[in-house]
Q: 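What follows is a structure written as structure tokens; I'll ask about it next.
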Amino acid sequence: MDLSIYIGGKKLVNPVGVASGTFGYGSEYEKLVDFTGLGALYTKTVTLKSRSGNKCPRIIETPSGMLNSIGLANVGVDRFISEKLPLLEQAGCALIPNIAGFTEYEYAAILKRLEASHLPWGYEINISCPNVSHGGFTFGTNPAMVEHLTAKLRRITEKPLIIKLTPNVTDIRGIAQAAENGGADAVSCINTLVGMVIDTKTKKPVLGNITGGLSGPAIRPVGVASVYRVKRAVTIPVIGLGGIMTADDAIQYFLAGASAIQIGTGNFVDPGIPQKVLAGIKDYCEHEGMKTIGDFHQFIE
Amino acid sequence: MDLSIYIGGKKLVNPVGVASGTFGYGSEYEKLVDFTGLGALYTKTVTLKSRSGNKCPRIIETPSGMLNSIGLANVGVDRFISEKLPLLEQAGCALIPNIAGFTEYEYAAILKRLEASHLPWGYEINISCPNVSHGGFTFGTNPAMVEHLTAKLRRITEKPLIIKLTPNVTDIRGIAQAAENGGADAVSCINTLVGMVIDTKTKKPVLGNITGGLSGPAIRPVGVASVYRVKRAVTIPVIGLGGIMTADDAIQYFLAGASAIQIGTGNFVDPGIPQKVLAGIKDYCEHEGMKTIGDFHQFIE
Amino acid sequence: MKQIQAKVTGNNQIAKDYYKLVFSWEPPPDTGPGDSYPDFPNPQPGQFITIRVSETTVPLLRRPFAFSGYNAETGEASIIYLKRGKGTEILAGKCPGEYIDIIGPLGNYLKKPENKQKPVLVAGGIGLGPLLYFSSMLDQWQIPHLFIFGARTARYVPDMNSLKNVAICTDDGSKGFAGTVADFLNNFEEKELEHTMLYCCGPLPMLKACHGFATEYDLECYVVMEQIMACGVGACMGCTIKLKKPQGYARVCTEGPVFKSRDIAWT
Amino acid sequence: MKQIQAKVTGNNQIAKDYYKLVFSWEPPPDTGPGDSYPDFPNPQPGQFITIRVSETTVPLLRRPFAFSGYNAETGEASIIYLKRGKGTEILAGKCPGEYIDIIGPLGNYLKKPENKQKPVLVAGGIGLGPLLYFSSMLDQWQIPHLFIFGARTARYVPDMNSLKNVAICTDDGSKGFAGTVADFLNNFEEKELEHTMLYCCGPLPMLKACHGFATEYDLECYVVMEQIMACGVGACMGCTIKLKKPQGYARVCTEGPVFKSRDIAWT
Ligand SMILES: Cc1cc2nc3c(=O)[nH]c(=O)nc-3n(C[C@H](O)[C@H](O)[C@H](O)COP(=O)(O)OP(=O)(O)OC[C@H]3O[C@@H](n4cnc5c(N)ncnc54)[C@H](O)[C@@H]3O)c2cc1C
Ligand SMILES: Cc1cc2nc3c(=O)[nH]c(=O)nc-3n(C[C@H](O)[C@H](O)[C@H](O)COP(=O)(O)OP(=O)(O)OC[C@H]3O[C@@H](n4cnc5c(N)ncnc54)[C@H](O)[C@@H]3O)c2cc1C
Ligand SMILES: Cc1cc2nc3c(=O)[nH]c(=O)nc-3n(C[C@H](O)[C@H](O)[C@H](O)COP(=O)(O)O)c2cc1C
Ligand SMILES: Cc1cc2nc3c(=O)[nH]c(=O)nc-3n(C[C@H](O)[C@H](O)[C@H](O)COP(=O)(O)O)c2cc1C
Ligand code: FES
Ligand code: FES
């Protein structure tokens, strides 16, 4: 059994990653998680300038899920490179910075600065954050913009380029195809769904930002369906996420067509989940006679 | 306190309805539910011809939700009028047939036949079923088609015309505005989200139809956010649904801007929910000094 | 069909992972004397209830279970269930004195056989409950019958001493006949099978095998079917199975759960 | 900071809706002698743990609770919690001998006051736990202090006999001083307040009032803040509160939960 996978010609030792925004810059979980067991660590989205994020509160639990409206709070790309990346030098797993800009120029500028470091294994491009409403962030809903942006970033880096898709669109396949046409090495889906909770005591939205992004087991069926559809629209690998808590959940994504998966909200519930999921995937492969992740893709037409 | 509401100039005695597809043609729940407590009964979607529906299984539970791929199984409009509607003659609540066609012509044909009966209080137009993939059902994702269809149906009936929106679009507000421009008296949102569950034992999708529609508490934050956004884009009343199980859930929808609500999946969990929700809304209004449903709309800008 | 708060009067393990829940529709103590508390129509064998096992949203949907017995005098009914997932795990934790939200009786039922007919009841796994109840009715009607029960291994076989004429089959031969219930059926001589009628409840492969057997010897055969359910009352069209044309799809909760095996479009 | 399976050694009601959970980080029985079981760093007052209360997805997120005590010799720690929702309801059902999944100790803590400072501890409702623990540390350091506890009514006041110098306030006057803790504070003479330092934990309006009082008399004032949390370890940026410029937002789980009241942008 060999659970390694390739994205853009580069190898990930196993298909289990931790999702952007749920694992900070990595160091926060250092004391709880053995990073060498992780296939990839996707960092919190980095923007060109530092951002303090949205108004509080930023989090609320929902049935089998949660809403967040963090608003891409982060230290900005320069401090990310000088302060955060070095902490991960010894992490022993693939580091995949996740980046977002408000304009194409910003995306490109961030990527150029990161290219100066040897630490990133590749990049995940966030074109889909529902918690920031400014212009640039509608990128993810417009195929032409996605293709143009991807092509621009493709010219900057030879490292794997992963475009992260939003489910808040009429046709996610069109966006995925645009990413592929632009030269992406993979797409990851899904980011969060737009949601809202109102406190009936105060009669106000709970989140300072009014709406937030829904994640967790509640959205897993949406994630699996998205991967299933996207996989049938593109030839590049698909990275699946949304509500994965157990190996069984991850295997659903593989069967739907994912080549790798990420765990997001699950890290909050139990930081041991990535390791447990990887162990469970191995057991399943052994039991079912699967030799590679590719073997999962033959069962559903 | 007066909880009645008006849609298209016609009165509903209270704002609590039961959602299309979750209450059959009404008669199925006769022995369990006192219909006179219901504000409105939205029937299972009726199509021009009878439909036997999708392959089995059609249902699977998900975290705090469920997927269904019923595929609009129904007796067709003629038998609906001759066999089903008469059973509800004495129901004592507003009957709102929900209809769907594969073409504009079909929608119009169904509506014309229903107009011959005095029993419908108004109509809900399903332009958003995710479980039927044929042409006509992409209506709900295209504003121009929605406006045109609504305008056509508007010319056929003077009774309240409610357009039911899908959340599976990039911008639900545009669809809602199209419905308003076409002459709709209200919009209801949301229908189900596209989702999928895979059985890792059989390595096949659980649902015979592969994907299905996600409903229940899991999607409530998406429903509340949709109502909030739609309400700020149109002037006609908005009917909110998605995951309502308790009065608190319903009140979130009212505060978000809904004038009425529907209970769908909740009926399966406990057929007593509509009545409990109505009682809870009354308690809340009394406690908070609300006199009408309109009073709920002042709190969130 | 009623929705009631039923009082748990017993909930005991009867074999590995199998439990028997006994309940009565005594009103909860806070039901005032003035409040009319619904009478439960006498449940018939094959009929079922749905239970709301949890007040939270996980698990969300009600869970269906067939009656395994009913005592009209005490007003007590029972189900036999397999602890297999979230819902039945919670159910196994219910204690006597607690109340459970049930809707029932639901569905059609196993009918009294005509004169001359010789009923053979074939149960596998969770199919035990409804056929135990049917067997007790046959006893009441004084209709002799054979009860065949199949399980994987001895640990899954509950005490069956109440049955007069029972054959136990285990896949591994650890108790009774070694083999499946279908293997057991195939040991019958053709002439023994005259007037035999099959009533079957259990896993799908077993039902299929029974149907095949019945077809081969041209026996009447009733099967109690299962399908995942949402409403349980015929409203959602979710629990359908495929029948042979021209009937098309049928709802297990309403047209079933009992079907003639030859009406089903077996796949 | 460690993640461990802690053994519940006690879980008793101490006032209406208030419970005290005692646990130790004894390894579960299936931890082999070879397996190294993590040592828990000594928790400090103000620090907290997060508990995964359920294996299902409702409730989903871990729940944070402050240490209300720690006994280094027995290795037992405790929390005091209010049963208010789904999570704490499940917690209240945990029995001695069960294991709970906890992560901790988390956050910063209440520091030993300097010489001359006269600590006054002000607790309201669920703010009791961390200040009880701090009070026991002050006793250990032999620093005399006043403990003020506020509750709505007498039923919500647990036994406080372990405290040397305690003032109980109830909104309705059913026990102790009639009024809020802020009312109580306002009864102090200005000169009594020299070198007084406030340590406050409780509902937001109480903390604001304490901050106002501290500002008026120019007292040092520490507050233990709360915010809804997801990760509890500083990774998600979810639990922020607003500080005065230039600090901007601070994470309650990492930069807090203890803040200088004058650093907070009270709204
Ligand atoms: C008419 C009818 C009568 C039944 N009678 C009995 C009975 O007498 N005794 C008994 O033990 N079981 C009976 N079942 C099956 C029983 O409903 C399921 O075992 C139960 O719902 C599982 O719930 P769970 O939450 O423990 O399992 P889950 O965690 O939900 O699932 C475990 C397994 O059970 C299957 N399952 C879940 N829901 C259903 C459902 N509604 N119908 C069928 N399979 C399901 C799932 O597909 C899965 O394979 C009956 C089902 C039907 C439809
Ligand atoms: C650092 C910290 C220390 C805490 N220490 C204690 C303690 O020692 N004793 C104690 O009783 N409580 C403490 N709390 C609050 C405790 O976390 C909540 O009461 C608990 O999470 C409620 O869970 P529930 O599922 O029962 O309630 P829910 O049903 O989730 O909600 C009930 C109410 O609790 C609020 N709430 C939910 N989650 C949180 C949260 N994470 N933080 C704050 N409020 C929340 C909700 O907004 C709601 O108003 C602390 C919170 C924090 C952040
Ligand atoms: C608190 C929180 C913060 C997040 N921040 C980011 C982010 O900065 N960038 C990003 O691309 N996705 C972000 N996400 C989305 C997750 O990476 C993931 O796509 C989503 O949560 C679905 O996966 P899950 O259900 O496993 O959490 C965030 C999610 C959560 C819950
Ligand atoms: C089993 C099932 C069948 C449904 N059938 C229909 C239908 O025929 N027409 C329709 O407009 N909506 C249908 N719906 C969608 C519901 O009316 C409702 O929009 C959706 O379920 C969200 O509400 P809920 O979360 O309260 O269930 C169906 C939903 C379910 C669960
Ligand atoms: S379960 Fe709804 S129709 Fe049978
Ligand atoms: S709870 Fe995640 S940063 Fe504090």
Side-chain angles (χ1 to χ4, degrees), chain A residues 18-33 43-45 50-75 131 197 206-208 212 215-218 220 243 245-246 249 264-273, chain D residues 1-5 38-41 50-64 84-87 100-106 204 225-243 245-256 264-265 267:
Chain A
V18 286
S20 178
T22 66
F23 216 73
Y25 302 112
S27 48
E28 294 82 357
Y29 274 111
E30 223 164 27
K31 292 186 188 135
L32 298 175
V33 180
T43 69
K44 173 81 193 156
T45 292
S50 76
R51 290 174 53 85
S52 57
N54 286 328
K55 274 191 248 166
C56 314
R58 296 173 173 182
I59 277 177
I60 181 74
E61 190 170 300
T62 68
S64 297
M66 63 177 283
L67 283 180
N68 87 79
S69 62
I70 309 296
L72 302 186
N74 81 96
V75 297
N131 294 322
V197 171
V206 170
L207 298 180
S215 65
R220 191 196 311 136
M245 305 282 287
T246 66
D249 302 341
T265 303
N267 295 311
F268 304 152
V269 177
D270 174 6
I273 284 181
Chain D
M1 170 198 325
K2 303 273 182 190
Q3 179 176 17
I4 59 168
Q5 301 299 315
D39 258 2
F40 223 65
T50 59
I51 307 182
R52 182 176 185 187
V53 290
S54 160
E55 289 287 307
T56 79
T57 58
V58 173
L60 183 67
L61 297 172
R62 306 176 76 87
R63 299 296 196 241
R84 69 182 342 181
K86 305 170 295 296
I100 48 174
D101 173 351
I102 72 177
I103 294 179
L106 299 166
L204 201 60
M225 299 295 287
E226 266 189 37
Q227 183 58 284
I228 304 183
M229 292 185 176
C231 72
V233 302
C236 74
M237 305 285 158
C239 66
T240 49
I241 56 166
K242 196 148 194 185
L243 297 189
K245 309 230 168 245
Q247 300 106 315
Y249 292 106
R251 294 167 296 186
V252 170
C253 72
T254 306
E255 283 81 49
I264 289 173
T267 45

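In what follows, chains are A, B, ... by sequence order, proteins preceding strands, each numbered from 1. This is a predicted model, so every value here is computed, not measured.
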Q: Would you check if A:F268 and D:R52 make a side-chain contact, meaning some heavy-atom pair closer than 4.5 Å?
A: no
Q: Decide yes or no for D:I228 and A:E61: does some side-chain heavy atom of the first lie under 4.5 Å from some side-chain heavy atom of the second?
A: no
Q: Please give me the minimum heavy-atom distance between D:C231 and A:Y29, naming the atom from each residue.
A: CB-OH, 3.4 Å
Q: Given heavy-atom pairs under 4.5 angstrom as the criterion, report whether the side chain, backbone, both or neither of A:S27 touches chain D.
A: neither
Q: Supply the atom-to-atom distance A:I60 CD1 to D:L61 CG, rounded to the nearest 0.5 angstrom.
A: 9.0 Å
Q: Could you check which of D:P59, D:G232, D:A230, D:C239 has the highest count of heavy-atom pairs closer than 4.5 Å to chain A?
A: D:A230
Q: Do you know the tightest heavy-atom contact between A:P271 and D:Q3?
A: CD-OE1, 3.6 Å
Q: Using a 4.5 angstrom heavy-atom cutoff, name the option from D:V58, D:V233, D:D101, D:T254 with the most pairs to chain A.
A: D:V233
Q: A side-chain contact here means heavy atoms from C-beta on lying under 4.5 Å apart; do A:N68 and D:C236 qualify?
A: no
Q: So, does A:R58 use its side chain to make a donor-acceptor pair with the main chain of D:M237 at under 3.5 Å?
A: yes
Q: So which heavy atom on D:Y249 is nearest to which on A:C56, and how close?
A: CE2-SG, 3.5 Å
Q: Is there side-chain contact between D:L60 and A:M245, with heavy atoms separated by less than 4.5 Å?
A: yes
Q: Side chain, backbone, both or neither: which part of A:D270 has a non-hydrogen atom closer than 4.5 Å to chain D?
A: both
